[in-house]
Amino acid sequence: MVTIRLTNSKSRKKEDFAPIDPANVRMYVCGPTVYDRAHLGNARPVVVFDTLFRLLRHVYGAEHVTYVRNFTDVDDKINAEALRRQKAGSPGTLEELIHGRTEETIAWYHADMDALGALRPTFEPRATEFIAQMIAMTEGLIASGHAYAVDGHVLFRVRSYKDYGKLSGRSVDDMIAGARVEVAPFKEDPMDFVLWKPSSGQEPGWASPWGKGRPGWHIECSAMAHELLGESFDIHGGGLDLQFPHHENEIAQSACAHPHGDFAHYWLHNEMLQVEGKKMSKSLGNFFTVRDLLDQGIPGEVIRFVLLMTHYRSPMDWTAEKARQARDTLLGFIELTRGVEPVDPDPLVLEALADDLNTPAAIARLHALRKANQGAALLASARLMGLLSFQPTVSSLAWGQHDEKHDQLANEIARKWAALRGNRDFAAADELKNLAAEAGVELQATKQAVGQGALAKLKENFDPVKLEALR
RNA sequence: GGCGGGUUGGCGGAGAGGUUACGCAGCGGAUUGCAAAUCCGUGAAGACCGGUUCGAUUCCGGUACCCGCCUCCA
């Protein structure tokens with residue numbers, strides 16, 4: 001069996017991966033807060049951990065891997081959006097508007113991540129479905145002296161957990177020294193964080209021993225991970241920005257609530273994403289969602305490929321040039337693998353992925369397979385990485401709008417063009433070629449018999465009406 | 001201020017203490033009605049300064065610059 005090696009943030013070292021139970025490998029990844037469309041930065045961990053999920057399924061068997069990714073559907077931003085809608089005149093109670101907003105966002109999220117070729121996790125729990133477990137866990141933490149209730153708030157006593165700060169390499173004293181922590185008057189210690197907080201007025205809330213309120217963000221993940229994966233599980237993933245405080249707090253809560261378990265054995269963090277060399281932000285005007293890119297005609301597969309071109313632990317930059325390169329590369333792969341039946345993935349691709357998910361090295365190997373004309377191995381290897389799962393019937397550049405009818409039409413024109421060239425009627429051939437170009441179809445001569453000596457490529461912006469007219 | 005990460009050829013981007021990364025672009029050639037595509041070949045790197053070593057881009061120290069987190073943004 002292949003040995004997977006992963007860089008564990010806990011030890012800051014690359015370690016051999018040894019699951020607690022090879023018959024049930026368990027992974028938890030922090031999912032989105034569902035208040036709006038997922039932006040490109042959200043897509044990176046999704047694609048990274050999807051690739052890991054696929055690798056684990058390949059190595060341990062698809063039915064022996066459990067992957068949990070939550071939806072945080074309790075949040076101020078969701079409430080704010082619902083309130084905004086109510087003020088704008090939307091019908092329904094605030095609660096209904098909140099529910100509507102989260103349902104809508106989850107549907108968007110699924111559609112967008114599906115487009116990136118990400119498999120659905122085994123479980124996608126919603127925070128609101130596990131409130132009882134969060135309350136129970138919070139009660140337990142109070143009983144064991146790790147938390148305290150004040151004025152409807154429950155706070156975790158950070159000083160009660162000696163290893164606090166270990167994951168992110170911070171000491172509590174250092175943090176307080178340079179801190180800009182706002183100290184609420186009811187806190188015993190500035191570092192203490194909220195497990196439960198009161199809900200005021202219309203805000204969504206649940207009955208609890210401390211009055212109507214809602215859970216703190218960190219306890220959500222701890223409770224859901226415990227409920228679905230147990231006291232100890234294998235991998236916990238997320239973006240590097242979550243390492244502190246979110247993951248640190250998760251560890252503290254879970255370790256104190258379940259002293260016999262040891263929570264996650266391997267912590268994985270993906271680096272952040274930039275756009276054209278700068279942090280993606282609304283103020284810089286370089287903020288965009290996955291849906292924006294899909295709507296521009298960039299296939300989800302191309303977005304996925306770009307994300308995999310950089311190792312997950314390096315910061316990565318999204319550029320239009322990379323998208324162009326990724327598209328051209330994938331087209332080359334598609335041409336070689338069309339009509340081919342996949343065999344086993346290439347051992348060197350597997351080896352690269354097993355080496356701390358070295359996707360750039362895996363892609364380099366994909367290039368080598370293409371060069372060696374190993375279409376079957378290329379297809380299988382690409383699919384292991386979540387690529388080439390769908391194949392256009394012609395070398396269509398228009399992944400998004402591609403359809404059978406226009407592919408057929410493009411092929412027909414290619415044959416016509418090949419026939420004219422065969423008759424050495426170059427004036428007519430050139431004219432057809434120019435007309436085709438205007439319709440958004442690029443005609444190319446080929447040596448192979450594909451399209452009988454010619455290949456038609458549908459561009460992203462092809463014009464169906466003009467194409468039809470070429471018949 | 002505290003903590004962490006990074007700096008590789010024109011661009012993107014890996015691994016390895018000594019042997020070709022790879023891709024894109026460039027250049028040369030083959031092929032071609034013209035193109036495109038394809039194929040073959042090819043130049044090009046390791047922020048800076050020291051140290052360890054027979055030998056460092058790879059290890060250690062320092063400097064500069066960049067980035068992230070410390071604020072419920074992945």
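Quick caveat: nothing in here was measured; it's all calculated off a predicted structure. Letters A, B, ... are given to chains in the order of the sequence lines, protein chains preceding strands, and every chain is numbered from 1.
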#### Entry: Of the listed nucleotides B:C24, B:G33, B:A74, the one nearest the side chain of A:F426
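Taking heavy atoms from C-beta onward, the closest nucleotide is B:G33.
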### Task
Would you mind reading off the distance between A:R327 atom CZ and B:A25 atom P, rounded to a whole angstrom?
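That distance rounds to 12 Å.
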### Task
Check the distance between B:G4's C1' and A:D241's CG and give it to me in whole angstrom.
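My rounded result for the distance is 13 Å.
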### Task
Record whether the side chain of A:H269 comes under 3.5 Å of the base of B:A74 through a donor-acceptor pair of N or O atoms.
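Per atom types, no contact qualifies.
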### Query
Taking atom P in both B:C59 and B:G5, what distance in whole Å separates the two?
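B:C59 and B:G5 have their P atoms separated by 13 Å.
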### Atom pair distance, as rounded to whole Å: NE2 in A:H367 and C1' in B:U20
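From A:H367 NE2 to B:U20 C1': 16 Å.
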### Query
Ignoring hydrogens and angles, does a donor from either the side chain of A:D355 or the base of B:G15 sit under 3.5 Å from an acceptor on the other?
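Such a pair does not exist between side chain and base.
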### Task
Decide whether A:Y35 and A:N79 meet the rule of one side-chain donor and one side-chain acceptor closer than 3.5 Å.
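Result is no, nothing qualifies.
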### Message
Within the 4.0 Å heavy-atom criterion, would you say A:H311 contacts the bases, only the backbone, or no part of the nucleic acid?
### Response
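Touches sugar-phosphate only.
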### Query
Using purine N1 to pyrimidine N3 plus N6-O4 or O6-N4 for Watson-Crick, or N1-O2 and O6-N3 for G-U wobble, both under 3.5 Å, which nucleotide pairs with B:U7?
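Matched B:U7 with B:A64 under the 3.5 Å cut-off.
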### Task
Looking only at side-chain atoms of A:R370, point me to the closest of B:G2, B:A14, B:U38.
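Comparing B:G2, B:A14, B:U38 against the side chain of A:R370, the answer is B:U38.
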### Message
As a test of reading the structure: which of B:C69, B:G5, B:C24 is closest to the side chain of A:E321, going by heavy atoms?
### Response
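When the side chain of A:E321 is considered, B:C24 is the closest of B:C69, B:G5, B:C24.
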### Query
Touch check for A:M309, heavy atoms < 4.0 angstrom, all strands: base, sugar-phosphate only, or nothing?
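It contacts sugar-phosphate atoms only.
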### Query
OP1 or OP2 of B:A36 sitting under 4.0 Å from any side-chain N/O of A:K433?
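Negative; the distance criterion is not met.
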### Query
Any side-chain N or O of A:K371 less than 4.0 Å from the OP1 or OP2 oxygen of B:C22?
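The answer is no; no side-chain N or O of A:K371 sits under 4.0 Å from OP1 or OP2.
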### Query
Does A:K77 place a side-chain N or O at less than 4.0 Å from the phosphate oxygens OP1/OP2 of B:C73?
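The answer is yes; a side-chain N or O of A:K77 sits under 4.0 Å from OP1 or OP2.
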### Task
Side chain of A:T329 only, please: which of B:C73, B:G23, B:A14 is the nearest?
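Out of B:C73, B:G23, B:A14, the nucleotide with an atom closest to A:T329's side chain is B:G23.
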### Query
Taking atom C1' in both B:C60 and B:C70, what distance in whole Å separates the two?
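Approximately 29 Å lies between the C1' atom of B:C60 and that of B:C70.
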### Query
Contact class for A:T72 (heavy atom, under 4.0 Å): base, sugar-phosphate, or nothing?
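Result for A:T72 = nothing.
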### Query
Regarding A:Y109 and A:N42, is there a side-chain donor-to-acceptor distance under 3.5 Å anywhere?
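Distance-only check fails for A:Y109 and A:N42.
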### Query
Whole-Å distance between B:G12 C1' and A:F305 CZ?
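In whole Å, B:G12 C1' and A:F305 CZ are 12 Å from each other.
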### Closest listed nucleotide, where the reference is the side chain of A:N358 and the choices are B:A14, B:C34, B:A25
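Selected nucleotide: B:A14.
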### Query
P atom, B:U58 versus B:A47: distance in rounded Å?
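Roughly 8 Å separates the two P atoms.
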#### Entry: P spacing across the pair B:A44 / B:G51, given as an integer number of angstrom
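Nearest-Å result for B:A44 against B:G51 at atom P: 28 Å.
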### Task
Consider the side chain of A:Q274, meaning its heavy atoms from C-beta on, and name the nucleotide among B:C67, B:A14, B:C69 that approaches it most closely.
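Side chain of A:Q274 sits closest to B:C67.
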### Same-atom distance (P) from B:G43 to B:C27, integer angstrom
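The answer is 16 Å between these two P atoms.
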### Query
Taking CD from A:E442 and P from B:A36, how many angstroms apart are they, rounded to a whole number?
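To the nearest whole Å, that distance equals 10 Å.
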### Among B:G12, B:C70, B:A74, the nucleotide that comes nearest once only the side chain of A:P245 is considered
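Side chain of A:P245 sits closest to B:C70.
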### Residue met sooner reading RNA chain B from 5', once A:K14 and A:M272 are mapped to nucleotides
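Result of the comparison: A:K14.
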### Task
Select base, sugar-phosphate, or nothing to describe what A:G169 touches, counting heavy atoms under 4.0 Å on all strands.
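Sugar-phosphate, backbone atoms only, no base.
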### Task
Figure out the CG/P separation between A:L357 and B:G15, and round it to whole Å.
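The distance from CG of A:L357 to P of B:G15 comes to 12 Å, rounded to the nearest Å.
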### Task
Look at the side-chain N and O atoms of A:T310 and state whether any lies under 4.0 Å from the OP1 or OP2 oxygen of B:G13.
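Checking A:T310 against B:G13: at least one side-chain N or O falls below 4.0 Å of OP1 or OP2.
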### Query
Contact class for A:R313 (heavy atom, under 4.0 Å): base, sugar-phosphate, or nothing?
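Nothing, no heavy atom under 4.0 Å.
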### Query
Regarding A:R421 and the six-membered ring of A:W417, is the cationic atom NZ or CZ under 6.0 Å from the ring centre and inside 45° of its axis?
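Pair A:R421/A:W417 counts as cation-pi.
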#### Entry: B:G33 pairs with, by Watson-Crick or G-U criteria that keep both distances under 3.5 Å
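Its partner is none (no Watson-Crick or G-U wobble pair with both distances under 3.5 Å).
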### Task
Check every strand shown and say whether A:L273 touches a base, only sugar-phosphate, or nothing at a heavy-atom separation below 4.0 Å.
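Result for A:L273 = base.
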#### Entry: Counter-base of B:G17, judged by Watson-Crick or G-U geometry with both distances under 3.5 Å
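Checking every strand shown, B:G17 finds no partner, since no pair has both distances under 3.5 Å.
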### Message
Any donor-acceptor pair under 3.5 Å linking the side-chain atoms of A:S168 with those of A:Q243?
### Response
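Judged by distance alone, the side chains do not pair up.
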### Message
Between B:A64 and B:A45, how far apart are the two P atoms, rounded to whole Å?
### Response
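Their P atoms lie roughly 28 Å apart.
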### Message
Quick check for you: among B:C24, B:A74, B:G33, whose closest atom lies nearest to any side-chain atom of A:Q325?
### Response
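Of the candidates, B:C24 comes closest.
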### Query
So which nucleotide does B:G26 pair with, by the Watson-Crick or G-U wobble rule with both distances under 3.5 Å?
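For B:G26, the partner nucleotide comes out as B:U42, under the 3.5 Å rule.
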### Task
Please figure out whether A:R424 or A:P45 has its closest RNA chain B nucleotide nearer the 5' end.
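Residue closer to the 5' terminus by nearest nucleotide: A:R424.
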### Query
So do A:E431 and A:N434 actually touch side chain to side chain, heavy atoms under 4.5 Å?
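Counting from C-beta outward, A:N434 and A:E431 never come under 4.5 Å.
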### Closest nucleotide among B:G33, B:A37, B:G12 to the A:Q444 side chain
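The answer is B:A37, which lies nearest to the side chain.
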### Message
Please tell me whether A:T72 and A:D75 have a donor and an acceptor in their side chains that are separated by less than 3.5 angstrom.
### Response
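A:T72 vs A:D75: no donor-acceptor pair found between side chains.
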### Query
Taking atom types as modelled, is there a side-chain donor on A:E248 or A:H218 under 3.5 Å from an acceptor on the other?
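There is no such pair (donor and acceptor under 3.5 Å, judged by atom type) between the side chains of A:E248 and A:H218.
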### Message
Regarding A:R44, tell me which of base, sugar-phosphate or nothing describes its non-hydrogen contacts under 4.0 Å with the strands shown.
### Response
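Nothing, no nucleic acid heavy atom in range.
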### Task
Using a strict cut-off of less than 4.0 Å between a Lys/Arg side-chain nitrogen and an Asp/Glu carboxylate oxygen, indicate whether A:D50 and A:R69 qualify as a salt bridge.
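So A:D50 does not pair with A:R69 through a salt bridge.
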### Nucleotide nearest A:K322 when distance is taken to its side chain, options B:A35, B:A74, B:G13
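Closest nucleotide to the A:K322 side chain: B:G13.
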### Task
Grab the CE-P distance between A:M316 and B:G13 for me, whole Å please.
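So the two atoms are 8 Å apart, to the nearest Å.
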### Task
Using the C1' atoms only, state how far B:U71 lies from B:C65, rounded to an integer number of Å.
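Comparing C1' positions in B:C65 and B:U71 gives a spacing of 26 Å.
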### Query
If we take the P atom in both B:G50 and B:A36, what is their distance in whole Å?
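After rounding to an integer number of Å, I get 49 Å for this pair.
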### Query
Would A:D317 and A:Q274 count as having a side-chain donor-acceptor pair, cut-off 3.5 Å?
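No, because no side-chain N or O of A:D317 sits under 3.5 Å from a partner of the opposite role on A:Q274.
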#### Entry: B:A56: pairing nucleotide in any strand, Watson-Crick or G-U under 3.5 angstrom
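Here B:A56 is not engaged in any pair, so there is no nucleotide opposite it.
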### Message
In whole Å, I'd like the distance from the CH2 atom of A:W267 to the C1' atom of B:G4.
### Response
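The distance from CH2 of A:W267 to C1' of B:G4 comes to 17 Å, rounded to the nearest Å.
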